[in-house]
Amino acid sequence: MNTIKTTLTNKVTLGSLLIALGIIYGDIGTSPLYVFKAIIGTRDINMMLVYGGVSCVFWTLVFQTTVKYIWLTLRADNHGEGGIFSLYALVKRYGKKLVIPTILGATTLLADGIITPPISVSSAIEGLSMVKGFENTIIPGNFLTVGIVVAIISLLFFFQRFGTQVIGKAFGPIMTVWFTMLLLFGVNEILQHTDIINALNPYYAYDLLVNYPKGFWLLGAVFLCTTGAEALYSDLGHCGIKNIRFTWIYVKISLVVAYLGQAAWLMHQGKTLLNGRNPFFEIIPTWFLLPSIIISTLATIIASQALISGSFTLISEAMNLNFWPRVTVRQPSDSKGQIYIPSINSILWFGCVLMMVYFKESAHMEAAYGFSITITMMMTSLLLSYFIYYKLKWSKIYVLLFLVVFGTIELAFFVANVAKIKERWMFLFFELFIFLVMYIWYYARKINNRFTKFVELGKYSEKLSELSQDDAIPKFATHLIYLSKADRRHEIEEKIVKSIFSKKPKRADVYWFLHINRTSEPYTLSYDVSELVDDKVIKININVGFRIQPKTELYFKNIVKELVANKELNLHIRPDGSSKYNIEPDFKFVVIEKFLSIENEFALREGLLLNGYFFLKRLGVSDEKAFGLEKSDVEIEQIPLVYQPMTNVKLDRENR
């Protein structure tokens, strides 16, 4: 399956190139709507600012987007898949401390999802203020403009539950029209001020950052041109490296020409200040202004859709790699890999609406946008350094050079964006919430696993056979299946042994012990079988890729059918004659759920982690739903967990 998928995504056709244009470049592709407006702001328009601004944008796209992401990061594909969790899965064996950078990167990438839709959609809608007849109604920040943007965003999130397979076919052609529009109108302006091409000289970038008053802090606005670079890597699995690299040539040319065109207009427009004008819409001829706003709005909706879909994928991977509580995941269409997570959809919708109501217009959001994604990029660089050293076998000097060059660039962007914290204080609560959920879930599970005791299954095989044949004990099920965390073939949890033999022993014809092994590869689906006692005690390990939502009962029944077909298993026809009326085998799954015992006495950190873990567990979906089990076939057992029992309990006896 992996080979076929990789081959398909790497095949370059007209259709695959259109898909790449439609999926990959929404965020970075719509940045010309607001980047130059943010760079100029309320400053005097002069050659140092304009030439320096476009030079900084160009070299940011060269180094940060083209070199780091298109050339290097895309090579870190995990069987065709990309993104920070895929990268972590590739390198986690080389460093235990990589967990925190991964959580930080994922947190800030997800946080980016609550400002990209508002800033991009509002930038497009605000262009209506330039259209005759709308100038007195569509005013940036007024109630009507905010209402229109909120309505568009709300509809976008509402339709997520139905899937995007129908409208998704139009994404490629729309984005092709968008980039062609950028190219044509950019060229038109450049021809009127051809000297602007000289601004590509890196000297102008240096001059702006060093000699312009507070020029360094303009990097916060410049960075907006590359905020979508992380999406290029995250969406690797949808399009393939070749399609992304081919389409980037056209996209980059269109973006650079669009920025040069805006810079050219700024140099010959004749006024000292922008006074609220947007250079993007100023380079559009009056006769095409309304169509350009429609195209811009569609492009920003596509950019928002790509980010929402990416957030769903991110959380799905986080769940499968034990970074996020299990929540409901749905597949709204037959399209492979398309998922819908209602809880994340609601959180993102609420965050986006809150951002729009709070900031009111794109100009205010520009001052807050970019901080989160700089952290994501720095964390990706750190993980990537492990990949290029251990996987690509680069020498230490080249790895160090990589870290120095891109560490310096990204640290500069980060410092420049730190100034935005005062404009985005409310973001910090959202980011802190995501970070704590991931941190608590990951490390509490580590503590949980540390106190899980395993025993040799072989020691109990004879006792299990004896119990199976003891007619004095009522039969619990023909096939009794336990979900186990034991990844070794001949081990089992001690609590499972106690569940079978304690109190009312569970008699069955066949005892199955089923372990779901999450692999570091995205689409693995395989299994192995170990029979400790023929047709009596069987251990199965199912290897499931981190991008697959497990359907444990379906997998198990298919494995049983295969074993029966190969004459490796006897299904045990029930002696009571019921098989005559129901030929389906009698399967019973047992899921053991744990709760914290009141006997525990914790250290502060472990107490907070474990109490937080079980609180989050109650908010998430049950184990049977998470593992794809039918309720009618499942028995839930509750057992207390005693990690650190109280040892200093002393009762004084009273004499009467």
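The structure displayed is predicted, hence computed values, not measured ones. Each residue takes its place number in the sequence, starting with 1.
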Participant: Under the criterion side-chain contact (heavy atoms from CB on, under 4.5 Å), I'd like the reasoning laid out for Asn78 against Phe85: C-alpha separation, chi angles, the key distance, then a yes or no.
Facilitator: CA-CA 10 Å; Asn78 191 337; Phe85 281 124; over 6 Å; no

Participant: Between Tyr613 and Trp441, how do the two ring planes meet: parallel, tilted or perpendicular, split at 30° and 60°?
Facilitator: tilted

Participant: Ser311 versus Leu348: any side-chain heavy-atom pair under 4.5 Å?
Facilitator: yes

Participant: Taking the side chain as everything from C-beta on, heavy atoms only, tell me whether Asn243 gets closer than 4.5 Å to Ile19.
Facilitator: no

Participant: Roughly how far, to the nearest 0.5 Å, is the CD atom of Glu466 from the CZ atom of Arg507?
Facilitator: 12.5 Å

Participant: Taking Glu493 for its side chain and Lys485 for its backbone only, find out whether a donor-acceptor pair lies under 3.5 Å.
Facilitator: yes

Participant: Do Pro474 and Lys504 come within less than 4.5 Å of each other through their side chains, counting heavy atoms only?
Facilitator: no

Participant: For the residue pair Ile153 and Trp349, what are the closest heavy atoms and their distance?
Facilitator: O-CD1, 4.5 Å

Participant: Check whether any side-chain N or O of Ser461 sits under 3.5 Å from a backbone N or O of Gly458 as a donor-acceptor pair, and report yes or no.
Facilitator: yes

Participant: Is there a donor-acceptor pair under 3.5 Å between the side chain of Ser316 and the backbone N or O of Phe312?
Facilitator: no

Participant: Between Trp512 and Tyr482, does the ring centre distance come in under 6.0 Å?
Facilitator: no

Participant: Between Ala486 and Asn541, which heavy-atom pair has the shortest distance, and what is it?
Facilitator: O-OD1, 4.1 Å

Participant: Once you round to the nearest 0.5 Å, how far does CG of Asp235 lie from CD of Glu230?
Facilitator: 10.5 Å

Participant: For Leu314 and Ile84, what are the C-alpha separation, side-chain angles and deciding distance, and is it a side-chain contact (heavy atoms from CB on, under 4.5 Å)?
Facilitator: CA-CA 8 Å; Leu314 185 78; Ile84 195 159; 4.1 Å; yes

Participant: For the residue pair Glu635 and Phe476, establish whether any side-chain heavy-atom pair is separated by less than 4.5 Å.
Facilitator: yes

Participant: Side-chain contact test, heavy atoms from C-beta onward, threshold under 4.5 Å: evaluate it for Tyr69 versus Met377 and give yes or no.
Facilitator: yes

Participant: Are the side chains of Ile347 and Phe430 in contact, using a 4.5 Å heavy-atom criterion?
Facilitator: yes

Participant: Could you walk me through whether Leu236 and Ile241 satisfy the side-chain contact (heavy atoms from CB on, under 4.5 Å) test, starting with their C-alpha distance in whole Å, then the side-chain angles of each, then the deciding distance to 0.1 Å, before giving a yes or no?
Facilitator: CA-CA 6 Å; Leu236 175 61; Ile241 187 170; 4.0 Å; yes

Participant: Taking Gly545's backbone N and O only, do any of them form a donor-acceptor pair with Asn320's side chain (distance below 3.5 Å, no angle check)?
Facilitator: no

Participant: Within the distance-only criterion (no hydrogens, no angle test), does the side chain of Ser385 pair as donor or acceptor with the backbone N or O of Leu382 below 3.5 angstrom?
Facilitator: yes

Participant: Do Lys536 side-chain atoms and Leu464 backbone N/O form a donor-acceptor pair below 3.5 Å?
Facilitator: no

Participant: Any side-chain to backbone donor/acceptor pair from Arg330 onto Ile341? Under 3.5 Å, distance only.
Facilitator: no

Participant: Start with the C-alpha gap between Gln305 and Ser309, add the side-chain angles, then the distance that decides, and say whether side chain to side chain donor-acceptor pair (under 3.5 Å) holds.
Facilitator: CA-CA 6 Å; Gln305 175 59 54; Ser309 299; 2.8 Å; yes

Participant: How far apart are the closest heavy atoms of His515 and Lys539, and which atoms are they?
Facilitator: CB-CE, 4.2 Å

Participant: Hey, does the side chain of Thr108 reach the backbone of Leu104 with a donor-acceptor pair shorter than 3.5 angstrom?
Facilitator: yes

Participant: Begin with the C-alpha distance, continue with both residues' side-chain angles, and end with the deciding distance and a verdict on ring-ring contact (aromatic ring centres under 6.0 Å, His included) for Tyr386 and Tyr94.
Facilitator: CA-CA 7 Å; Tyr386 279 78; Tyr94 305 115; 7.6 Å; no

Participant: So how far is it from Glu462 CD to Leu532 CG, rounded to the nearest 0.5 Å?
Facilitator: 11.5 Å

Participant: Closest approach of Ala477 and Lys588, non-hydrogen atoms and distance?
Facilitator: CB-CB, 3.5 Å

Participant: Establish, for the pair Lys463 and Phe501, whether the NZ or CZ atom is under 6.0 angstrom from the six-membered ring centre and no further than 45 degrees off its axis.
Facilitator: yes

Participant: Under a 3.5 Å threshold, yes or no: a donor from one side chain and an acceptor from the other, between Tyr88 and Glu317?
Facilitator: no

Participant: For atom NZ of Lys498, is the number of surrounding heavy atoms from other residues, nucleotides or ligands below 6.0 Å larger than 12?
Facilitator: no

Participant: Would you please classify the geometry between the Tyr439 ring and the Tyr443 ring as parallel, tilted or perpendicular, with 30° and 60° separating the classes?
Facilitator: tilted

Participant: Keeping the roles fixed (side chain from Tyr233, backbone from Ala76), state whether a donor-acceptor pair exists under 3.5 Å.
Facilitator: yes

Participant: With rounding to the nearest 0.5 angstrom, report the CD1 to OG distance, Ile23 to Ser234.
Facilitator: 13.0 Å

Participant: For the side chain of Thr376 and the backbone of Leu109, is there at least one donor-acceptor N/O pair under 3.5 Å apart?
Facilitator: yes

Participant: For Leu480 versus Ala508, what's the shortest heavy-atom pair and its separation?
Facilitator: CB-CB, 3.7 Å

Participant: How close do Ser86 and Glu81 get, heavy atom to heavy atom, and via which atoms?
Facilitator: OG-CB, 3.8 Å

Participant: Please determine which of Ile542, Leu514, Val560 meets the side chain to side chain contact (heavy atoms under 4.5 Å, CB included) test together with Tyr555.
Facilitator: Ile542

Participant: Rounded to the nearest 0.5 Å, what separation is found between the CG atom of Leu436 and the CG atom of Leu609?
Facilitator: 10.0 Å

Participant: Nearest 0.5 Å please: distance from the CZ atom of Arg161 over to the OH atom of Tyr340.
Facilitator: 4.0 Å

Participant: Taking ring-ring contact (aromatic ring centres under 6.0 Å, His included) as the criterion, tell me which of Phe589, Phe587, Phe556 meets it with His479.
Facilitator: Phe587

Participant: Test side-chain contact (heavy atoms from CB on, under 4.5 Å) on Trp324 and Ile434; report intermediate values, then the result.
Facilitator: CA-CA 9 Å; Trp324 194 266; Ile434 298 171; 4.0 Å; yes

Participant: Check whether any side-chain heavy atom of Val455 sits under 4.5 Å from a side-chain heavy atom of Ile492, and report yes or no.
Facilitator: yes

Participant: Do Val329 and Met319 touch side chain to side chain, with heavy atoms closer than 4.5 Å?
Facilitator: yes

